[in-house]
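Whatever order the structure lists ligands and atoms in, that order sets their numbers, starting from 1. For clarity, every value in this text was computed on a predicted model and none was experimentally measured.
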Amino acid sequence: MESKELVIVVDFGGQYNQLIARRVRENHVYCEVYPYDKALAKIKELQPIGIIFTGGPNSVYEEKAPRIEKEIFELGIPVLGLCYGMQIMAHTLGGSVKSADHREFGKTPTIVDTNSVLFKGLSKEEIVWMSHVDYVASVPEGFTVIAHTDNCPVAAMQNVDRKLYAMQYHPEVLHTEHGKEMLHNFLYGVCGCTGSWTMANYAKTAIASIRKTVGTGKVVLALSGGVDSSVAAALISKAIGSQLTCIFVDHGLMRKNEGDEVEAAFKDSGMNFIRVDAADRFLGKLAGVSEPEKKRKIIGEEFIRVFEEEGRKIGSVDFLAQGTIYPDVIESGAGDAAVIKSHHNVGGLPAVVDFKGLIEPLRNLFKDEVRELGAELGLANYLVWRQPFPGPGLAIRVMGEITKEKLDILRDADAIFRQEIANAGLDRSINQYFAVLTSTQTVGVMGDFRTYDYTLALRGVTTTDFMTADWARIPYDVLDTISSRIVNEVDHINRIVYDITSKPPATIEWE
Ligand code: XMP
């Protein structure tokens, strides 16, 4: 279903591998990432119009360093090597790589040859992001040096006849000021890409492909209301309408109005939409439980049970659909392990419903592409831009034992927090923010009365991968508005604190 203009990113285990792929896609060129040891086979099979080698942590002279077959350079397909990718290109083709005494690291002024197609339209001196110890000391035969820094004799090299190019620095990180242009020059000026990768095109081909796969069959999808499952639902329902049934298990642990919002978005969209109101069931199972992992387990199990019951009512199902996205799929070149998303989505349900096949129409998309596709499909903004929300929902944001009363207090406070963050225009720059109802009660004074009520914690983080995060610097006056509104408008909260720990050592959620 993909565009014919495929670029293959060959993964040597560097930290920016996914970023390179995203940058290529931002240039409207489709690409896929494969580990270095599977690259040659994939290149032969898929016939890309360009190849990019990523960086990696190794040194080409280490015994176990990733290698690449010389044959790749003989296929006539343009190759761009980045960092380790440049060193392995030089090493494989007969150049020499040496180790410097000091690491060259950070933003570095670099003299570039503007006659090279890579630097077309740029200045003679460019700022690039360097991070290396090894360097190419002499280029292979047929290559010329097209950039250097004070410390690095070969910051970029090319062999125009063989369409081989390489950069020692990282054009994919934003610190390389014109990195985007350099990649653009490679993709368009060397590989001859035309930029056919757009979400509008993707939607068209994906819809056609889903129709072809499904035929007259029935598809079931577990809809959580999160971005991925919502966009998958919208896409599949565009393709096959009422052959799709979405089961939305409302566990009563969603944020304020969220269940109704999901229902409103999908009820009249042409699919069969089933909302299962299972709040009492979940609360019943959770009664008296305060240990976080136990809560998670109960919710996961109950979720599957509800889904199973609903699935049985539908009868025979041909396909199960899931909102798996590309970062979950990409294998790391450094080993065999897939990049694991450490958190357990409610999507993993294959075992509980009998089905013939799996449909994962977002499997090749990055998160930002999923959002763009959602917008393209006409999905409401509040769904497209929804921040991550844990499968167990507010159960892990009410500390300790969960009651309906506590959930309602938290929902009201959290709604005010979110509203004020949006009013302050911070809703896209803070990547995740929410309120936590602690189990701590403290003394307060309200009018002439003493109170003994809950402490609410506010959490806001900035992060790109959710594996590490910094606490968001919300301006004091915004915090002040949030604090006064919550204590005035929500009963049983008399104290509010803001969480100023990063991850690590803390996690994003409190439980
Ligand atoms: P932590 O708290 O581990 O969270 O720093 C990282 C990201 O994962 C989300 N999260 C979960 N998502 N099921 C999920 O689907 C879970 O049990 C779960 N726990 C945490 C969290 O909201 C954050 O975005």
Side-chain angles (χ1 to χ4, degrees), residues 18 221-232 247-256 258-259 262 282 285-286 289-304 306-307 322-325 327-328 338-350 360 362 366-368 370-371 383 385-400 402 407 410-411 414 417-418 421 427-438 457-472 498-511:
Q18 291 198 25
L221 176 119
L223 185 68
S224 71
V227 181
D228 303 343
S229 67
S230 296
V231 174
I247 300 176
F248 167 46
V249 178
D250 185 353
H251 50 23
L253 304 164
M254 307 278 278
R255 292 170 296 192
K256 191 163 179 164
E258 214 163 31
V262 173
F282 278 86
K285 293 273 176 192
L286 289 165
V289 179
S290 53
E291 213 258 304
E293 282 312 305
K294 209 159 169 201
K295 290 190 207 171
R296 276 196 167 83
K297 205 154 168 260
I298 290 172
I299 293 164
E301 278 168 8
E302 196 60 14
F303 191 91
I304 289 181
V306 175
F307 189 77
Q322 292 195 144
T324 317
I325 69 170
D328 306 334
V339 174
I340 309 282
K341 224 166 93 209
S342 51
H343 291 287
H344 10 281
N345 270 319
V346 281
L349 297 163
E360 298 179 304
L362 312 180
F366 285 108
K367 193 77 170 192
D368 41 354
V370 173
R371 293 193 204 274
L383 284 176
W385 288 102
R386 187 154 275 178
Q387 50 178 305
F389 186 62
L394 300 184
I396 57 167
R397 293 181 183 169
V398 168
M399 301 295 94
I402 300 161
L407 284 169
L410 176 60
R411 263 192 274 263
D414 181 72
F417 182 31
R418 286 192 288 139
I421 290 291
D427 49 336
R428 299 259 174 110
S429 54
I430 304 178
N431 304 100
Q432 193 173 7
Y433 49 95
F434 52 86
V436 173
L437 190 68
T438 74
L458 303 176
R459 180 75 160 141
V461 295
T462 52
T463 172
T464 50
D465 55 11
F466 296 88
M467 307 275 184
T468 61
D470 196 7
W471 58 276
Y498 185 52
D499 183 343
I500 51 166
T501 33
S502 59
K503 173 185 177 178
T507 53
I508 297 175
E509 303 287 348
W510 275 39
E511 280 196 342

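Scanning for side chain to side chain donor-acceptor pair (under 3.5 Å) contacts around D250 gives R275, with sequence neighbours left out. For F282, the ring pair (Phe, Tyr, Trp, His ring centres under 6.0 Å) test picks out H251, with sequence neighbours left out.
In terms of N/O distances under 3.5 Å, ligand 1 is approached by G391. For a threshold of 3.5 Å applied to N or O pairs, the pair formed by I508 and ligand 1 contains at least one separation below that value. Not one N or O of R397 is nearer than 3.5 Å to an N or O of ligand 1, by distance alone.
Under 4.0 Å from ligand 1, not a single heavy atom of A469 appears.
E258 has a carboxylate O that lies under 4.0 Å from a charged side-chain N of R386, or vice versa, which qualifies the two as a salt bridge.
Taking every heavy atom of T507 and a limit of under 4.0 angstrom, the matching atoms of ligand 1 come to 1 (P), 2 (O), 5 (O). Of all atoms in ligand 1, numbered sequentially from 1 with element shown, those under 4.0 Å from a heavy atom of K503 are 1 (P), 3 (O), 5 (O), 6 (C). Of all atoms in ligand 1, listed by their number and element, those nearer than 4.0 Å to a heavy atom of F466 are 6 (C), 24 (O). Atoms of ligand 1 found under 4.0 Å from any heavy atom of P388, numbered from 1 in the order shown, are 24 (O).
Under the 6.0 Å distance and 45° angle rule, R255 does not count as a cation-pi partner of F434.
Here the side chains of K256 and D414 are not in contact, with every heavy-atom distance at 4.5 Å or above. Counting only heavy atoms from C-beta outward, the side chains of T462 and Y433 never approach each other to under 4.5 Å.
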